[in-house]
There are 2 protein chains.
Amino acid sequence: MSKNIPEKITNRLTLYHSITVEYMEAGIETISSPQIAQRLGIDDSQVRKDFKLLNNAGKCRVGYLVKDLKDSIEKTLGFAHAKDAFIVGAGHLGLALAKYDSFNSYGLNILALFDNDPQKVDMQVNNKQIFHISKLPNLTKRLGVDIAILTVPRQNAQQVADFLIQSDIKYIWNFTPAVLKVPPEVKVWNENLMGSFLQFACKDII
Amino acid sequence: MSKNIPEKITNRLTLYHSITVEYMEAGIETISSPQIAQRLGIDDSQVRKDFKLLNNAGKCRVGYLVKDLKDSIEKTLGFAHAKDAFIVGAGHLGLALAKYDSFNSYGLNILALFDNDPQKVDMQVNNKQIFHISKLPNLTKRLGVDIAILTVPRQNAQQVADFLIQSDIKYIWNFTPAVLKVPPEVKVWNENLMGSFLQFACKDII
DNA sequence: AACATATTGTGAAAAATTTCACAACAAAAC
DNA sequence: GTTTTGTTGTGAAATTTTTCACAATATGTT
C-alpha cells in the first residue's frame, strides 16, 4: 500500500467493492454516487471523496464505470499482493475461515491450519492440511509466513499467541475475545465480534 | 440503552471489558488508565474520557476498581437485556457462532439455527436445534424473535434476506460479503470480515 | 438549439474524535 | 509532616471525518 488509507475509508471501499461485484454480475455498466450512498445509508459526497483516492474519474450525469471502479478499488487495496497466512485453531471458526474462498480473491492465501487435537491433525479442509501446532515454528520459517489468524478458545489465546511470537509471527488477526499482550513489533488486529454486535444492538434494540 | 453511544466507544468499551475479565481472573483488583491505554496502543486520556460515560469514578494514584468497571461496562452496554436471535445458515460459520458461548454473557441468546439442507435439519448444535428454513416465519412470530445472524453463501444472501424481512425480522447481522438491499425499517450490520482484514493488512504489510 | 436535469468534483463549514496539558488529589516515601 | 509520585478529570487545541452547498458539466428533452 502506498498511501496509508484510514480504516474507515478502507472499510467503505470494501463495501463499494461488493456492490461493484454485484453490478458486474447483473451486467450493469455504470453506477452513481447517490446510488451507492443510498444503499449504504451514507452521504453521496462521502462516496465521491472516497473515490478521489482511487484516481478514477466519473462522468457527469452518468456516474462511474463499474469495471474501472472495481479494478481501482482492488488495486488500491492491494488485492493482487497475495499474502500468506496460517489459521491457528481448527475449531468451527477456523474451519469456516479456511473454507471462506473470498479470502483468496482479496489477496489472502491460507496455506495451512494448526491445532493441538491429534484427531484433527492430518485432516484436509478446502485443500489445506491441518498440522499439529508443534510443526508451526518450522513451517513458519520454511514458508516465510508471518501472518496468523487466531481462532483458539479464549483460555488458550495468550499462551498460543506467545508461541506464535516465538515462532516469528508478526501479525495476528485475533478472533478470540482475549486482548493479547504482545511486544511492540508484533501487530494485532482484534476482530472483536461482540463489539460489532453491541454496536449494532445498542443502537436500536433496547 | 439510554444514551446512543458512538460505535467507536462501544468497541473500545468491549475491549476494556475483556481486560477487566482477565484482571478479575488474575485476582487483580485495580487498574489504571495508562495500563489499559498501553495495552491497546491508545491515549490514556481517551480511556478516561470513555470511562466518564460509565459514571464510575476512579481514585487518584490508584486507578479504577476492576469489578466496578466491569459491572458498569456491562450495565452501559446492556449485557443484561437478553436479546433472542436466530442463526440463518448452518455452515461452518453458523456452527462456529452457535458454539460461541460468549454471546450469552454479552446478552445474545441464540435460540435456533436454520438451513435448507435436509441433512442438517434436526441436528443439534450446542443444545440448539437446526430447523428447515421453511419453519422460520412461524417460529419468528411464535417466539417474537426479530434478530437474524446471516451466514449463508453470498449467492443466496439477498434472497434469504428478503425471506427474513417477509418473516418480520428487523435486524440482520450480515456475515456475508453481499451488501443487502433492505427497506428502511430493517437494520443491517455488515460484519465485513475482509474489510477488517484489509484495514489490518494495508496498514503494515507491504 | 435551448433548456432541464442528474451527476461529478470540491472548497468551506460543521461535527466528531483524539491528543495535549495541567490542576487537583491521594497514596507512598522520606 | 513534608515531599514526591502516579493518577484522575477536564478544558482547550488539534486533527479527522462528515456534511453542506454549489459551480461545472454532460446527457437527454423539447
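A, B, ... follow the sequence lines: proteins, then strands. Residue 1 opens every chain.
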Identify, with sequence neighbours excluded, every residue that meets ring pair (Phe, Tyr, Trp, His ring centres under 6.0 Å) alongside B/Phe79. B/His17, B/Tyr106
Close side-chain approach of A/Leu40 to A/Ile19, heavy-atom, < 4.5 Å: yes
Value rounded to 0.5 Å, distance of CG in B/Asp68 from CG in B/Asn55: 12.5 Å
Under the side-chain hydrogen bond (donor to acceptor under 3.5 Å, both in side chains) test, which residues partner B/Ser18, sequence neighbours left out? none
The criterion is ring pair (Phe, Tyr, Trp, His ring centres under 6.0 Å); which residues satisfy it with A/Phe86, sequence neighbours excluded? A/Phe114
Heavy-atom nearest nucleotide on DNA chain D taken for B/Lys52 and for B/Gln35; more 5' hit belongs to B/Gln35
Within a 6.0 Å radius of atom CD on A/Gln129, are there more than 12 heavy atoms belonging to other residues, nucleotides or ligands? yes
Every protein N/O lying under 3.5 Å from an N/O of nucleotides 27-30 of chain D:
unit_1, atom_1, unit_2, atom_2, d
D/dT27, OP1, A/Lys59, NZ, 3.2
D/dT27, O2, A/Arg61, NE, 3.4
D/dT27, O2, A/Arg61, NH1, 3.1

Within residues 38-46 of chain B, the residues having a heavy atom closer than 4.0 Å to DNA chain C are B/Asp43, B/Ser45, B/Gln46
Side chains of A/Gln158 and A/Asp162: is there a donor and an acceptor less than 3.5 Å apart? yes
Set of residues satisfying salt bridge (charged side-chain N to carboxylate O under 4.0 Å, His left out) with respect to A/Lys8, sequence neighbours excluded: none
Bounds of contact between DNA chain C and chain A, in 5' to 3' order, using a heavy-atom cut-off under 4.0 Å: C/dT5 to C/dA12
Pick the nucleotide of DNA chain C nearest each of A/Arg48 and B/Arg48; which residue has the one closer to the 5' end? A/Arg48
What residues form a side-chain hydrogen bond (donor to acceptor under 3.5 Å, both in side chains) with B/Lys67, not counting sequence neighbours? B/Asp71
When we call it a touch if two heavy atoms are under 4.0 Å apart, what does A/Phe51 touch: a base, just sugar-phosphate, or nothing? nothing
So, using ring pair (Phe, Tyr, Trp, His ring centres under 6.0 Å) as the criterion, who are the partners of B/Phe163 when residues are at least two apart? none
B/Glu185: partners by salt bridge (charged side-chain N to carboxylate O under 4.0 Å, His left out), with sequence neighbours left out: none
Of all heavy-atom pairs between A/Ser33 and A/Asp44, which one has the smallest distance, and what is that distance? CB-O, 3.8 Å
Short N/O separations, protein against nucleotides 12-16 of chain D, under 3.5 angstrom:
unit_1, atom_1, unit_2, atom_2, d
D/dA12, N6, B/Lys49, NZ, 3.3

Can you sort out the partners of A/Phe175 under ring pair (Phe, Tyr, Trp, His ring centres under 6.0 Å), two or more places apart, ordered by chain and number? A/Trp173
